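This report concerns only the one structure given below.
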Amino acid sequence: MDVYYSFNYLSAGWMAVQAVPLIASPTMIITLLSPEVRETTPLEAYLSRSLGFSLLAIAALILLLTGSIPLASSLSTQATGVDMDLEDPTAPYAVPTLSLTLAYHGMVAFYCYTQYTLGFSLAFGISSLVSCVLFAIGLWCLLFAASNGKISRKTGADQRTSGFPFKNKQADKGRADKRENNPINKLKL
């Protein structure tokens, strides 16, 4: 579950890193992304700052809706050591938020990659790389961290695994010994 919370904090952090220059200096962003140097229009400054504030709001929502920042009124739920998993009622929107964040990073990675291959700024390439990494981590969390699996109490291994394409000869030996020593099998002979 640590990977899941790390993904949430990394996603929110990446959105905050993108938001700060948009809010602080829209002129710098326009100059970096525009082929010619010019002064920004009031509309560009407004849209840049609005996007920056929107990214900060989405980052905060990711942290709140996934349970990364607990919304309990007291610290007693955290002090009891209760494990907060994706199915925990304290974070009922964890999986949908993970899915939307995953889709966001995928779309941003695709867009930035297409802009970078068309010959635009290196900033698009860096953004594409970071978004691809976050997309991969989010996909891993969605596929493997969204369920607890069927963990054996004896061995601690996942019971849903099969022997295909490799055989577990040691486990087959143990099963064969149990079959031979079973009194019901002796009665059938």
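It should be emphasised that the depicted structure is a prediction, and the values quoted were computed from it without experimental measurement.
There is a path of hydrophobic side-chain contacts, each under 4.5 Å, that joins Phe135 to Tyr5. Under a hydrophobic clustering in which Ile, Leu, Val, Met, Phe, Trp and Tyr are joined whenever their side-chain heavy atoms come within less than 4.5 Å, directly or via other members, Leu102 and Tyr113 fall into different clusters. Hydrophobic clustering keeps Leu51 apart from Leu100 (ILVMFWY residues linked when any side-chain heavy atoms are closer than 4.5 Å, directly or through intermediates). Under the 4.5 Å side-chain heavy-atom criterion for Ile, Leu, Val, Met, Phe, Trp and Tyr, Leu55 and Ile23 are members of distinct hydrophobic clusters. No continuous path of hydrophobic side-chain contacts links Tyr111 to Ile30 [ILVMFWY only; heavy atoms under 4.5 Å].
A salt bridge links Glu44 and Arg38; the closest N-O separation between the charged side-chain nitrogens and carboxylate oxygens is under 4.0 Å.
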Could you go through Leu98 and Phe7, starting from their C-alpha distance and side-chain angles, then the distance that decides it, and tell me whether this counts as side-chain contact (heavy atoms from CB on, under 4.5 Å)?
CA-CA 9 Å; Leu98 174 64; Phe7 170 73; 3.3 Å; yes
Please report the C-alpha distance between Phe124 and Leu118 in whole Å, then the side-chain angles of each, then the deciding distance to 0.1 Å, and finally whether the side-chain contact (heavy atoms from CB on, under 4.5 Å) criterion is met.
CA-CA 10 Å; Phe124 283 115; Leu118 291 175; over 6 Å; no
Stepwise side-chain contact (heavy atoms from CB on, under 4.5 Å) check, His105 with Ile137
CA-CA 10 Å; His105 287 302; Ile137 294 170; over 6 Å; no
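Here the side chain of Tyr9 pairs a donor or acceptor atom with the backbone of Ser68 at under 3.5 angstrom. The backbone N or O of Ala123 lies less than 3.5 Å from no partner atom in the side chain of Ser127, so there is not a single donor-acceptor pair. With Ser48 contributing its side chain and Leu22 its backbone, the two residues share a donor-acceptor pair below 3.5 Å.
Taken from CE in Met28 to OG1 in Thr40, the straight-line distance is 12.0 Å, to the nearest 0.5 Å. Rounded to the nearest 0.5 angstrom, Leu134 CG and Trp14 CH2 are separated by 8.0 Å. For the atom pair CD1 of Ile58 and CE of Met15, the computed distance is 6.0 Å after rounding to the nearest 0.5 Å.
Residues Tyr93 and Thr66 have side chains not in contact (no heavy-atom distance under 4.5 Å, counting atoms from C-beta outward). Between Cys141 and Tyr4 the shortest side-chain heavy-atom distance falls below 4.5 Å.
Among the candidates Leu61, Leu65, Leu64, the single residue satisfying the side chain to side chain contact (heavy atoms under 4.5 Å, CB included) test with Thr97 is Leu65.
Scanning both residues, Ala19 and Leu56, for their nearest heavy atoms gives CB-CG, 3.7 Å.
With sequence neighbours excluded, the residues satisfying side chain to side chain contact (heavy atoms under 4.5 Å, CB included) with Thr31 are Thr27, Val37.
With a 4.5 Å cut-off between side-chain heavy atoms of Ile, Leu, Val, Met, Phe, Trp and Tyr, the cluster of Leu43 takes in Tyr46, Leu47. Side-chain heavy-atom separations under 4.5 angstrom define the hydrophobic clusters, and Phe110 shares its cluster with no other residue.
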